[in-house]
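See below for the structure under consideration.
Chain naming here is simple, since letters A, B, ... match the order of the sequence lines and numbering starts at 1 in each.
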There are 2 protein chains.
Amino acid sequence: MLPYTPEQGTLADIASHRLAQSIVTGELAQGQKLNEAELAERFGMGRGPLREALRHLEGMRLVNRIPNVGARVVVLDRKTLSDLYAVREALEGMACRIAATRMTDDEIDQLRKLLDSHEKQINKQGGKVYSQKEGDLDFHYQIARGSRNQMLMDMLGSEQYQLLRMCRYRTSRNAERTGPALQQHRHIVEALAQRDGELAEMLMRRHIQGAWHSISEMITKEDEAAA
Amino acid sequence: MLPYTPEQGTLADIASHRLAQSIVTGELAQGQKLNEAELAERFGMGRGPLREALRHLEGMRLVNRIPNVGARVVVLDRKTLSDLYAVREALEGMACRIAATRMTDDEIDQLRKLLDSHEKQINKQGGKVYSQKEGDLDFHYQIARGSRNQMLMDMLGSEQYQLLRMCRYRTSRNAERTGPALQQHRHIVEALAQRDGELAEMLMRRHIQGAWHSISEMITKEDEAAA
DNA sequence: TTTTCACATATTGTCGACAATCGGAGTTGC
DNA sequence: GCAACTCCGATTGTCGACAATATGTGAAAA
């Protein structure tokens with residue numbers, strides 16, 4: 001369903017995928033140096049495919065590369081995240097507006113069911129908070145699909161969602177915004193069901209702004225704790 | 001000034017750059033197969049750096065790659081361009097709104113001077129229509145810079161502008177929209193000068209919509225001529 | 001004639017080794 | 001004590017050769 005299913009293609013694709021997963025989950029710390037030889041051996045492949053994977057991750061903005069120096073895991077500082085959420089607000093707002101006119105009734109129904117399953121997971125509170133988080137990305141991606149805009153889907157899916165997941169893992173410990181977020185999701189779906197694109201866009205923008213404020217506060221607390 | 005200045009770094013960067021240029025200018029036709037060995041020899045390098053360059057171009061959406069099959073120049077069909085312009089409208093609209101609050105007076109003045117030089121070029125009509133086109137991209141990029149959003153600048157600069165340039169070269173023969181476009185540019189700058197972000201966004205969105213309509217008609221004519 | 005299969009060729013994927021470049025330890029001079 | 005310089009180790013950049021896979025051709029069978 002989601003675009004980041006484990007690929008079985010070339011070694012470069014596998015390496016790219018495993019690296020992305022390690023970066024997103026924090027297994028590889030932000031700013032950490034990525035040694036080609038070491039990673040190649042760990043993955044049981046030569047340096048060629050690994051270098052191609054690094055180029056790919058560079059395109060996805062998950063690593064920063066400097067010629068003749070090497071690659072490092074990207075650092076998600078406040079400014080970067082702020083920029084990310086601003087872009088997301090514009091893109092996902094647009095996705096919502098268009099999806100309101102292009103999604104089928106079936107797709108909207110499936111969106112409702114998705115939220116139902118999220119609600120059950122929240123009520124169970126089975127400790128697995130993060131899986132609900134991944135579900136949240138499912139929700140957003142389904143709306144992007146509803147826009148029928150392939151470029152938009154690619155941008156949100158292949159790049160931004162990875163950065164978002166990274167951010168989520170980083171701040172997942174003290175994540176308590178699941179309740180209000182679910183309510184906002186429901187409102188968005190209802191706006192879509194009524195084919196009210198302008199409202200759907202506005203609700204999505206507010207939803208993302210709210211998420212950013214929540215994240216921003218967490219970062220502030222972290223910074224203060226670190227100081 | 002623009003992000004596509006000739007790099008002097010690794011061979012992979014050079015290859016990526018030369019390939020991007022060839023693709024954008026149409027020297028490499030849309031959908032054309034890209035043979036690694038042939039290109040490597042033409043550029044006087046091994047296949048390793050060239051493969052890395054292809055990975056990079058894949059990330060920029062200038063080529064489509066299929067594992068074990070090869071890479072092809074992307075095909076800009078109507079749907080792809082429609083998607084591109086829709087995304088651009090959202091992103092550049094956002095850039096305008098934010099730039100209205102963040103650009104310095106100096107930067108806005110430089111924008112005015114840029115438009116003055118464009119006007120002179122148009123009046124001269126020195127055959128070099130395309131150079132005005134590149135200037136148009138300068139205009140848009142300066143506004144993106146004015147937003148102070150690095151991610152937005154990267155997205156507009158490294159990916160979308162390449163596709164846009166490609167589209168421009170393809171349809172540059174019968175390009176006559178320079179006049180009205182310049183007027184719209186001037187209106188946008190005035191909105192920025194008045195720090196009216198909402199107006200600036202609206203004007204930019206209309207500007208891009210107008211450009212899309214113009215392009216769309218050209219494609220229709222081309223399709224009819226081909227049929 | 002058409003379809004299908006097998007083979008030959010071309011192209012991509014991968015590896016190991018070598019060259020080029022960078023960062024840091026140690027030294028020297030002020 | 002501090003700055004700059006030099007050398008060395010480590011890491012990245014590059015190449016050529018080999019293996020794996022796909023594509024195209026031709027022959028054989030229906």
Would you indicate which nucleotide in [options] comes nearest to any side-chain atom of [X]?
X	options	result
B/Glu36	C/dC22, C/dG13, D/dT12	C/dG13
B/Leu11	D/dC15, C/dC15, D/dG13	D/dC15
B/Asn35	C/dT11, D/dT12, C/dT14	C/dT11
A/Lys33	D/dT12, C/dC15, C/dG13	D/dT12

Distance check needed: [N] [atom2] versus [X] [atom1], whole Å only.
X	N	atom1	atom2	result
A/Glu58	D/dG13	CD	P	10 Å
A/Ile14	C/dC15	CD1	P	11 Å
A/Arg65	D/dT12	CZ	C1'	9 Å
A/Glu41	C/dG16	CD	C1'	14 Å
A/Ile66	C/dG23	CD1	C1'	13 Å
A/Met45	D/dA20	CE	C1'	16 Å
A/Leu50	C/dG13	CG	C1'	15 Å
B/Glu52	C/dT14	CD	C1'	14 Å

Please state whether the phosphate of [N], meaning OP1 or OP2, lies under 4.0 angstrom from any side-chain nitrogen or oxygen of [X].
X	N	value
B/Asn68	C/dT12	no
B/Arg47	D/dG16	no
A/Arg51	D/dT12	no

| query | How long is the gap from CG on A/Leu57 to OG on A/Ser16, to the nearest 0.5 Å? | reply | 4.5 Å

| task | Of all the heavy-atom pairs spanning A/Gly157 and A/Gln162, show the shortest one and how long it is. | result | O-NE2, 4.3 Å

| Residue of the set A/Glu52, A/His56, A/Glu58 for which side-chain hydrogen bond (donor to acceptor under 3.5 Å, both in side chains) holds with B/Arg55 | A/Glu52

| task | Please determine which of B/Leu91, B/Thr101, B/Leu152 meets the side-chain contact (heavy atoms from CB on, under 4.5 Å) test together with B/Ser147. | result | B/Leu152

| said: Both B/Gly70 and A/Gly44 contact DNA chain C. Taking the nearest nucleotide for each, which residue is further toward the 5' end? | reply: B/Gly70

| message | Using a 4.0 Å heavy-atom cut-off, does B/Leu34 contact any base of the nucleic acid, only the sugar-phosphate backbone, or nothing at all? | response | sugar-phosphate

| message | Between A/Asp83 and A/Lys79, does any NZ, NE, NH1 or NH2 come within less than 4.0 Å of an OD or OE carboxylate oxygen? | response | yes

